[in-house]
Each structure stands twice: as structure tokens, then as C-alpha cells.
Amino acid sequence: MKIGAHVSTAGGLHTAFKRADDMDAETIQIFASSPRAWKFRDLKDDVVAKFHESAERTGIAPVFIHGSYLVNVGGSPDLVEKSIACLIRNMEVAAEIGAAGVVFHAGSHKGRGFDAVLASAAHALKRVLESSPEGPWLIVENSAGMGSHLGASFEELGRMISAVGSDRMRVCLDTEHCFAAGYDIASPEQIDGAMSAFEEHIGLDRLAVVHANDAKVELGSGVDRHENIGEGHIGIEGFESIMGHPAFRDAPFVLEVPGTNKKGPDKDNVDRLKAIRERLSVPV
Ligand SMILES: [Zn+2]
């Protein structure tokens, strides 16, 4: 169970490793381009070379790319087209830099309902996979269930994945989104039921990565608000329940917390998760 964080790439993609090293992160997630824009910076060869050098020197792996927040495979045809192009570009970068995969939010059905957009969303994801290099996974993240966001339930994620029908589809489980969607993974009595539902609808072998975030909001609130580890409604005991459960044994944990100085994931939060891992004697 590797523990790491989402880190900034300001100054070049390879600079992520220095930041990760400074906080003793063992795995990282990065944005390959601005997450709030469609425009994509072209990767220069020397940046790719430096990225591989830094990855090798620090031994930090796996690397995940988080896709653009604008992606919405449940939206209008125009939006879906843009989303496909953006995801393909992210998958190309993932292949170039040796990332394990691209994490993305499926988006929103805008009140039309999940069933109404399932076929077009699955078709869009098939097209992404057909036009992307082999290797990186396409990793859909569970949502908190806010508004009409797709994929808050394991059933919806499972149906989407079955409709795509590819071995390259994986799932990112965000602990905050999961808790906000009503799965009480913080409770040692309830987590078995939640993860059995994951196994039934998706399959635990599809779990590629965990976004490890405490929750500013209560169980089932449907709201996406991340908190530092141990300072929210999941709490340290909640993370003991999660990290001690066999379903999470081999998953890399990536922090997306506000940080103690509000500057994003930091060493404090990495250390909190590592302390739990050590207490539970979970193998690294
Ligand atoms: Zn997340």
C-alpha cells in the first residue's frame, strides 16, 4: 500500500518528483495540463526525458494523471466530443511518461438521468480507448453524488464499465466521495457491506487507486468537500477501518486534501496515513 499525494507540476512535469520527495510521498498524481482548460500544452522531448530520469532516481511509482475537470461524457454532443479529445490527449501523455493511467470524473447527466446518458457515455469511452495508446488505464472516479453527477453508486460505475467492455477500464475510489455518497467505509461494521457492493457491481480487481481524503461533510451528504486526514467526519479511526480492510490492501493511496497550510497535500497528511499503515502492519 503506497502512500502519496497529488502534487503540482509548476515549472515542468518532472518537478513533481522533487515536491513528492520533500513530503516523503511514495506515489503521485499530477495534472498533465491545466485542469480547467481544454487547451493542451505540448510535451517537449526533454521534459519527457527529465520526467523518466526523476522517476527512476526517486523510485516514486506509480504515477497517475488526473484529467481535466471540464470532461463530461454525459453532456451535450459538443461537450462529449471535446471530452473525448481531451481524454485521448491525457492518455497519450500517460503513455509517454509511463503513468499507470488517467483518472477522470464522468461528469453530469444534467437532469436527464443516468439511464438516458449511459449508452452515449459508454460509446465515448470506447472511442477514447480505441484512439489511445495501449498501456495506461482509463480510470473513472466515483462521485459524491452532488447534483446530477454520474457514478456516485458502485452500481452506476459498474454498469458504465460493463457497457464499455474493456479490460483497460479501472476505478478510482475517492474516500470522501464514497462517504458523502452514503457508503459508511469509516465504520468497521459497515465497510464490509460497502466493499461487497463494490465487488458485486465492479470487481475489486478494477480498483486502481484510492483518493485518500477526509470529509468536511457528513455521511450521505452528497457534497464534495475534502478535509485533512483525521480532521473530518471519517477521522483517524475511519481511515483505520479503510486501510485495514483487505479490499484496499494493494491500492496506492493518493491525498487530495487541503493541507495544514491550505497549500494542498503535505508531509503532515502523508505522515498521518503512514502512521496508520504502520499501526495496522499493512505491507508497503
Ligand atoms: Zn478525488
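As the structure lists them, so they are numbered: ligands from 1, and atoms in each ligand from 1. Fair warning: this is a prediction, and the values are worked out from it, not measured in the lab.
Proximity of F40 to V93: side-chain heavy atoms (C-beta onward) are separated by under 4.5 Å at one or more points.
In summary, H211 places an N/O/S atom under 2.8 Å from the Zn ion (ligand 1), meeting the contact criterion. For the Zn ion (ligand 1), the N/O/S atoms of E176 include none lying under 2.8 Å.
In this structure, the side chain of H245 does not engage the main chain of F248 through any donor-acceptor pair within 3.5 Å. With hydrogens and angles disregarded, a donor-acceptor distance shorter than 3.5 Å links the side chain of N269 to the backbone of I229. Using a distance-only test at 3.5 Å, with no hydrogens or angles considered, a donor-acceptor pair links the side chain of S83 to the main chain of N72. At least one donor-acceptor pair closer than 3.5 Å links the side chain of T27 to the backbone N or O of P62.
In terms of distance to the Zn ion (ligand 1), the nearest N, O or S atom of D174 is named OD2. Its N, O or S atom nearest to the Zn ion (ligand 1) is what matters here, and for E141 that atom is OE2. If you look at E256 and ask which of its N, O or S atoms sits nearest the Zn ion (ligand 1), the answer is OE1.
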